[in-house]
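Numbering of ligands and ligand atoms starts at 1, following listing order.
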Amino acid sequence: MTSHPAPHDRTADRRHHSHEAFARARSLIPGGVNSPARAFGGVGGEPIFFASAQGQHLTDIDGTTYLDYIGSWGPMILGHRHPRVVAAIERALATGTSYGAPTEAESRLAELIVAAVPSIEKVRMVSSGTEAAMSAVRLARGFTGRDVIVKFAGNYHGHVDSLLVSAGSAAATLGVPNSPGVTPGTARDTVVLEYNEPDQLEDLFRDRGHEIAAVLLEPVVGNMGLVVPRPEFLAAIRGLTRRHGALVVCDEVMTGFRLALGGAQELLGFEPDLTTLGKIVGGGLPLGAYGGRADVMDHVLPAGKVFQAGTLSGNPLAVAAGTATLEELRNHPPYAELDRLGGRLEEGFRRAAAEAGITAWTARVGSMMTMFFQQGPEAVPVTGWATASRSDTARYAAFFWGMIDRGIYLPCSQYEALFFSTCHTDADIDRTIAAASECLAGM
Ligand code: KE4
């Protein structure tokens, strides 16, 4: 992530309490945040501290209210504090917060997940998307008896050691650690390829197919900004893994229940062997899950021998929030309306950039969208990290702060997708487009 000094330190003069809170937090918490995604490293300046949220709005500790296009990085598809979700959490709270023992509520949520995602026959709950990815990788290796995991540049699956890996030299495609603390031995069994490049997969499977346990991908990418898969890329993944006895793991932590009730795989007609979930499945409380083919999942302890455990796995409060969220999405599917609003936002941003003479590639699926700022005279389609990483991140940073000044809270990085909720209205979209037009005209 490239750090950019803010044009000037806006937080200090416009958000005095956030500025003070950040100074205090930095003395106690590394970087003053409990996750680097919140640190504003990609846009410069200081993070804003928030006091409350309701519906599509966030209010910071200086009393300024923003239109929220992060939604806690995806979970808040129903908006903040949806009454059904709040009531479900309160009901669960009245009888206990954690038992360390099975509850019927977990089976209820499991039934909803299995019913929503056709490729999931059995599911295990954990406490985060990272834990889901880590467990799915271990299960794929345990089930196949193989070591190598294939992932794609620009895809993020949580802070799993074996997945904090960058592409090594093109020839070897061997993974190299991209964080201190990840050992070369750990990285060695991870191969990193370019997203949307089926030829690279063909070559790898030709040379090492017998070693590959699984191919892991974001079926629609949010973590390099929004990138959609080419049909031939997905076909290559499914065909090659079937032919060589490897598994496909779809990371739907971000896209699950977001792009359709059955996630990106439902939209794309893509059937993985395993799927990881997070964010929406917990309704904004800490919950992740991994699931898929019963014959694979039955290798997980205690049904099988692949170890995985968790004190707070299937926590009653998180299960209550997730259950209420999934029931609301099942009973009142918002996806057509989210797509309509997203289409208006996408068209508005495209028009605003064109009128300002700014080169930008905008990609969207449903309520996930990214406008990639680019340097050349013509917009270049962003199909993978090789093109995404050429974005004009300084220009994105200026856009981000201009939108903050107009009360619009976008993702604090060019390499993230924005999200909106069922609480966002046409008036909100109009306001956002007007703010973007003003911002871009002045850049
Ligand atoms: P968590 O461990 O953060 O619950 O999930 C990790 C994860 C796994 N897979 C995908 C596709 C993800 O997007 C994520 C987490 N996403 C980031 C934002 N891009 C969460 C923000 C953060 O790390 O603070």
* Asked: Does NZ or CZ of R26 lie under 6.0 Å from the centre of the six-membered ring of F22, at an angle within 45° of the ring axis?
  -> yes

* Asked: Which residues pass the ring-ring contact (aromatic ring centres under 6.0 Å, His included) test with H57, sequence neighbours left out?
  -> none

* Is there side-chain contact between V300 and F143, with heavy atoms separated by less than 4.5 Å? -> no

* Return yes if a side-chain donor-acceptor contact under 3.5 Å exists between E416 and S413, otherwise no. => no

* Structure fact -> Counting only non-hydrogen atoms and a 4.0 Å cut-off, the residues near ligand 1 are S35, A37, W73, S128, G129, T130, Y156, H157, G158, E218, N223, D251, V253, M254, K279, E416

* With side chains defined as the heavy atoms from C-beta onward, is the minimum distance between I149 and V191 less than 4.5 Å? -> no

* Would you call the rings of W401 and F40 parallel, tilted or perpendicular if under 30° counts as parallel and over 60° as perpendicular? -> perpendicular

